[in-house]
Amino acid sequence: MFKLHLFHIALIYFGTFVRGVAAFTSSFQGRSPSFTTATASSSRGKKFSTSLLAEGKFAKEVTGEELEIMLTEWDQPLLLDAYATWCGPCLLMAPHFEEAAEEMNGKVRFVKLDTDKEPEMAARLNIMGLPTLMFLDEYKPEDGAESGGPSAALKNKIEGALTKQSIIELCNYHFFDGPMPTGFGN
């Protein structure tokens, strides 16, 4: 009876998770990603692996060490996606992140950090929920202030999955003085 009770609890938990994922996918402007066992179909019909271990074409997976180097050598703004391979919302957002990276290619550097592989860096960045997007730009001291060398300025940190359009709108707002996207407050 005890085993049956645990099985029942597991089914309830799984059902709650599936309903949560269904509610999340309905937010994709009526275009829910459709999943097969190995791939996800993006809103533009491209196929993406649901495994986040494979590097995307435009969004590169980085180590903690590589990220530290990027944060000292600036050539363009940086958008970091902190994720985990077991995270459902991370898997749902992955194709949108890749599409946004493709569209913003050459303007914004898109990188992914696997928090399970890089727990020390995730702790240093204070990653408390997944996925977390961090909008980072080069720190520019005010006139007359001394700079200790290149360093990063955190423009925004968002926990939760976003659509491609929201990611692009937030990049334009934080990095290129675009209008504030609706639904994100002031």
Side-chain angles (χ1 to χ4, degrees), residues 14-62 67 70 76-116 122 125-137 153-186:
F14 181 73
T16 303
F17 173 76
V18 169
R19 283 190 300 278
V21 169
F24 172 79
T25 59
S26 68
S27 68
F28 285 91
Q29 302 169 351
R31 297 181 314 252
S32 299
S34 58
F35 286 86
T36 65
T37 56
T39 59
S41 181
S42 74
S43 60
R44 291 179 24 194
K46 293 183 179 180
K47 295 288 184 183
F48 293 90
S49 169
T50 56
S51 168
L52 293 176
L53 296 174
E55 288 187 28
K57 188 175 180 183
F58 295 94
K60 179 185 178 208
E61 185 173 334
V62 296
L67 181 60
M70 287 179 185
Q76 52 190 216
L78 179 76
L79 179 55
L80 171 70
D81 173 18
Y83 75 95
T85 58
W86 49 262
C87 167
C90 299
L91 293 172
L92 290 171
M93 187 179 76
H96 293 272
F97 190 78
E98 181 64 28
E99 287 179 4
E102 181 179 2
E103 189 163 319
M104 301 293 290
N105 189 30
K107 298 178 191 174
V108 177
R109 182 184 296 183
F110 281 65
V111 297
K112 300 174 77 63
L113 180 75
D114 185 337
T115 57
D116 287 335
L125 294 172
N126 198 29
I127 305 298
M128 303 303 277
L130 296 175
T132 295
L133 295 178
M134 297 181 76
F135 296 80
L136 300 156
D137 205 354
L154 178 64
K155 299 285 190 169
N156 197 0
K157 181 177 178 179
I158 296 177
E159 291 180 357
L162 299 175
T163 63
K164 170 193 158 196
Q165 192 58 40
S166 295
I167 294 168
I168 291 171
E169 288 174 1
L170 284 164
C171 284
N172 285 326
Y173 172 72
H174 290 298
F175 303 134
F176 307 112
D177 298 321
M180 169 62 109
T182 57
F184 289 98
N186 291 330

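Below, each value reflects all heavy atoms present in this structure, side chains not excepted, and no hydrogens, waters or symmetry copies.
- Under the 6.0 Å cut-off for aromatic ring centres, Phe58 and Phe110 do not qualify, their centroids lying 6.0 Å or more apart.
- Two residues are said to be in side-chain contact when any heavy atoms from C-beta on lie closer than 4.5 Å; Phe135 and Ile158 meet this criterion.
- The closest side-chain heavy-atom distance from Glu61 to Val111 is not below 4.5 Å.
- Considering CE of Met93 and SG of Cys90, their distance stands at 6.5 Å, rounded to 0.5 Å.
- The shortest non-hydrogen separation linking Gly178 to Tyr173 is O-CD1, 3.2 Å.
- Evaluated for a side-chain hydrogen bond (donor to acceptor under 3.5 Å, both in side chains) with Lys164, the options Glu103, Glu102, Glu169 yield exactly one hit, Glu103.
- Note that the CD atom of Glu159 and the CG atom of Leu130 stand 8.0 Å from one another [nearest 0.5 Å].
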Would you please test Lys157 and Asn126 for side chain to side chain contact (heavy atoms under 4.5 Å, CB included) and show each step? CA-CA 10 Å; Lys157 181 177 178 179; Asn126 198 29; 3.8 Å; yes
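- Tyr83 is not listed as a side-chain neighbour of Thr115, based on a closest heavy-atom distance of 4.5 Å or more.
- With rounding to the nearest 0.5 angstrom, the CG atom of Leu80 is 6.5 Å from the CG atom of Leu78.
- With a 6.0 Å cutoff to the six-membered ring centre and a 45° limit on the axis angle, Lys155 does not count as a cation-pi contact of Phe175.
- Atom CD1 of Ile127 sits about 7.5 Å away from atom CG of Leu113, to the nearest 0.5 Å.
- At least one side-chain heavy atom of Asp116 sits less than 4.5 Å from a side-chain heavy atom of Trp86.
- Between Leu79 and Cys171, the closest heavy-atom pair is CD2-SG, 3.8 Å.
- Atom CE of Met134 and atom CG of Asp81 lie 11.5 Å apart (nearest 0.5 Å).
- Among all heavy-atom pairs drawn from Gln76 and Arg109, the shortest one is OE1-N, 3.3 Å.
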| Is there a side chain to side chain contact (heavy atoms under 4.5 Å, CB included) between Leu154 and Asp137 once you walk through the steps? | CA-CA 7 Å; Leu154 178 64; Asp137 205 354; over 6 Å; no
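- Side-chain contact check for Leu133 versus Phe97: some heavy-atom pair is nearer than 4.5 Å.
- For the atom pair CG (Leu170) and CG (Leu162), the distance works out to 6.5 Å, reported to the nearest 0.5 Å.
- Side-chain atoms of Cys87 and Pro131, non-hydrogen and from C-beta on, do get closer than 4.5 Å to each other.
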